[in-house]
Amino acid sequence: MADITITLPDGNQRVYPAGVTCAAVAEDISKSLAKKAISCTINGEHRDLSRVIEADADVAIHTMQDEAQALELIRHDCAHIMARAVQELWPDVKVTIGPVIDNGFYYDFDRQEPFSSEDLTEIEKKMREIINKRDPVTTEIWDRDRAIKFYEANKEPYKVELVGMIPEGQDIRMYWHGHWQDLCRGPHLAHTGQVPADSFKLMSVAGAYWRGDSNNQMLQRIYGVAFKNKEDLRAYLHMLEEAEKRDHRKLGKSMDLFHLQEEAPGMVFWHPNGWAVYRVLEDYMRRRLTDADYKEIKTPQVVDRKLWEASGHWDKYRENMFITEIDEEHANEKRVNALKPMNCPCHVQIYNQGLKSYRDLPLRLAEFGSCHRYESSGSMHGLMRVRGFTQDDAHIFCTEDQIETETGRFIGLLSRIYKDLGFETFEIKLSTRPEVRVGSDEIWDKAEAALTRAIDNLGLPYEVDPGEGAFYGPKLDFKLTDAIGREWQCGTFQADFNLPERLGAEYIGEDGHKHRPVMMHRAILGSFERFLGILIENYSGKFPLWLAPRQVVVASIVSDADNYVLEVVEKLKSFGLRAEADIRNEKINYKVREHSVGKVPVILAIGKKEVEDRTVSLRRLGEKSSDVIGLDETVELLVKEATPPDLR
RNA sequence: GCUGCUGUAGCUCAGAGGCAGAGCACUCCCUUGGUAAGGGAGAGGUCGAGAGUUCAAUUCUCUCCAGCAGCACCA
């Protein structure tokens, strides 16, 4: 048999007969490595130790020290061990698939009765038994017919389907965890005992469609998390608790920002505190847009179906629209209206008033556009996905030649705004022409190139998502990263060659002839509701002073200070600060606690001394100490800090 | 929309086929207290909505509504 050369990560080369296994290579390198080895990487592919190497290759042997590989194996084996546990407990359950996901794994089962939380405890117990058996994990490659017959005999219809889906020429790899068998591409640990028995936890059961298709059978998915050791698991569970604390739905309640109720699902009732933040954000956005030469407009909420038919929404978007029928007394037929789900058709109506010249372009029409969409019941989530919302929407009517400049200007505006709102970094995704589209290839070439050049000119990195553009034009999506590393797609910048055509928008060019403008749909926050949800979670409710709903509470320590407290509050208010007095008959400890829980950024405590010296004792949220400073100095300090970033 | 779970005081939650419970919040009284809960008393409920079983249902069953987790959806 021919010899092959194996190159190790340190550059060392070793020669072995072709067909050598990775385990043998590890054994050859050192006994201790062989003992610790869990898997290997062959030419960049993560594989089992039992994998044979047939030709020259780059090989790395992994141990539990290799975080990424170790976690992948632990989680993947956990999924299999869970499936085995389930089938040992309930042999008639059918197995399907069970991949590794962030922090853990899941496995989808077909079972008549739902899994209960007691069942999960049972399964966990059984999993630990399996781990303690230290059953070897083995693998074989089978041919298709044999695998199909095997699964038919075992009454595993989903596995039969999966085998059928494996492309011709690809190995059909069968795994055994002890006596239990599964179809899998691997890799796996060498035996079940390598999975740490104390570092995994089954988290929840939920429905999931077979192969992700809502036309298919619904299966039961059990989610689990798994780590290298107990400490990591504990840290993860702790992190979950912390994330729960910043949930905007919880903070919305405790900070008295907004509520939702049964009679208006998906529609927000903004309370005074929440609306204060909303307005600060809206005012800020309005100033930024004005600075950037946008013209603000306002268009109707309820619009006749004729316009939606013309725009194409009646055809493609009707399921998501709130539709109203009005019986007019003498009308021949019912008048059918829809609440606008988008602002664009209305904006074109404003554009279409009066003949436009190329000299009017680019025309940037902005609206804080209140929209309604009938979102499916299961998709709503606090402020993040609602049925009634307001977009920071705008449409830029321009020529094809202006797309590049407008893109650059837009990204400049967007990054300025994200930065002001506390988000330093964002990612850009460029989605290019899909199969089905409108507009000539020439226009698409031009538009895609213009978007690309604009990002390049700014020196920003971006990702291309080929074929993911809208049917009406290419687009840029902007994703920001919050304080705990989650990504949110907020901004969007989309070229549209379709709507101007459908709704008959035109302008007179330099040549004296009529032309079609391009319409750029764009948003920076997305919707105010969702963005406020993101802001609440990003800051954990601890807003910077300019955004905080309640900025300052002035609290008396003794009732003799009440008059001075009221005076201080009036003074702060006269400078535009959102200040309140707390002269309740309570101890200062009580007041400090209550306002800290309410996330008020600044508490000014006032006792006898402060009254005499005309000072305040300033305490910031989360800090233990306080500073005694003069009243005028305090006002100056707070006013400066509460000034929105664009006015500083 | 689908699967599962949940719905009890303003909030967080306990409870049980037979008079509805706690803590916090609220009101009143005492207390004037120096930076995360001072003490006492009181008030507060159609147990999500409707139907059924039962001598009796907030509790059991069914339907609906809403919320939560996930899936699907997000031209």
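Just so we're on the same page: letters track the sequence lines, and every chain starts at 1. On a predicted model such as this, the values are computed, not experimentally measured, just so you know. These numbers come from the heavy atoms of this one structure, side chains and all, not from hydrogens, waters or symmetry mates.
Summarising the geometry, the separation between NE2 on A/H381 and P on B/A66 is reported as 18 Å, rounded to the nearest angstrom. Atom CG in A/D582 sits about 14 Å away from atom C1' in B/A36, given to the nearest Å. Here B/A36 presents its C1' atom at 7 Å from CZ of A/R619, a figure rounded to the nearest Å.
For B/U3, the OP1/OP2 oxygens have no side-chain nitrogen or oxygen of A/Y223 closer than 4.0 Å. Between A/K587 and B/G39, a side-chain N or O to OP1/OP2 separation shorter than 4.0 Å is absent. An OP1 or OP2 oxygen of B/A69 is reached within less than 4.0 angstrom by a side-chain nitrogen or oxygen of A/R249. For B/U35, the OP1/OP2 oxygens have no side-chain nitrogen or oxygen of A/N589 closer than 4.0 Å. Between A/S626 and the phosphate of B/U35, there is no side-chain N or O to OP1/OP2 separation shorter than 4.0 Å. Phosphate contact (OP1/OP2 of B/G10, side-chain N/O of A/H259, threshold under 4.0 Å): absent.
Base pairing of B/C28: its partner is B/G40, meeting the Watson-Crick or G-U wobble criterion (both donor-acceptor distances under 3.5 Å). When both distances must be under 3.5 Å, the Watson-Crick or G-U wobble mate of B/G1 is B/C71. B/U6: Watson-Crick or G-U partner is B/A66, with both key distances under 3.5 Å. Pairing of B/G33, defined by two Watson-Crick or G-U wobble distances under 3.5 Å, is not identified with any nucleotide. With a cut-off of 3.5 Å on both pairing distances, B/C47 has no Watson-Crick or G-U wobble partner at all. Across the strands present, B/C19 finds no partner; the criterion is a Watson-Crick or G-U wobble pair with both atom distances under 3.5 angstrom.
Look at A/K245 and A/E242 and you find a salt bridge, because one of the NZ, NE, NH1 or NH2 atoms lies within 4.0 Å of a carboxylate O, short of that distance. Using a 4.0 Å cut-off between charged nitrogen and carboxylate oxygen, A/K475 and A/D477 count as a salt-bridge pair. Using a cutoff of 4.0 Å between basic side-chain nitrogens and carboxylate oxygens, A/E567 and A/R614 are scored as salt-bridged.
At the heavy-atom level, A/K624 lies under 4.0 Å from the strands shown only through sugar-phosphate atoms. Residue A/V558 is classed as a base contact, given a heavy-atom separation below 4.0 Å to a base. Across all strands, A/A605 comes closer than 4.0 Å to base atoms (heavy-atom distances).
Side chains of A/T299 and A/Q349: a donor-acceptor N/O pair is absent below 3.5 angstrom, by distance only.
Aromatic rings of A/F478 and A/F410 (six-membered ring for Trp) have centroids within the 6.0 Å cut-off, being under it. Annotation: A/Y107 is in aromatic contact with A/F109 [ring centroid separation under 6.0 Å].
Comparing B/G40 with B/A36, their P atoms are spaced 22 Å from each other, to the whole Å. Look at the C1' atom in both B/U59 and B/G7: the space between them is 14 Å, to the nearest Å.
Comparing A/S204 and A/E262 against RNA chain B, the residue whose closest nucleotide sits nearer the 5' end is A/E262. Take the nearest nucleotide of RNA chain B for A/V592 and for A/F115: the residue whose nucleotide is more 5' is A/F115.
With B/C71, B/G67, B/G38 as the choices, the nucleotide that has an atom nearest any side-chain atom of A/Y590 turns out to be B/G38. When the nucleotides B/U35, B/G34, B/A36 are ranked by their closest atom to the side chain of A/S617, B/U35 comes out on top. Candidate nucleotides B/C71, B/G33, B/U35 were compared by shortest atom distance to the side chain of A/M218, and B/C71 ranks first.
Side-chain atoms of A/Y209 come within donor-acceptor range of the base of B/G1, with a qualifying N/O pair under 3.5 Å.
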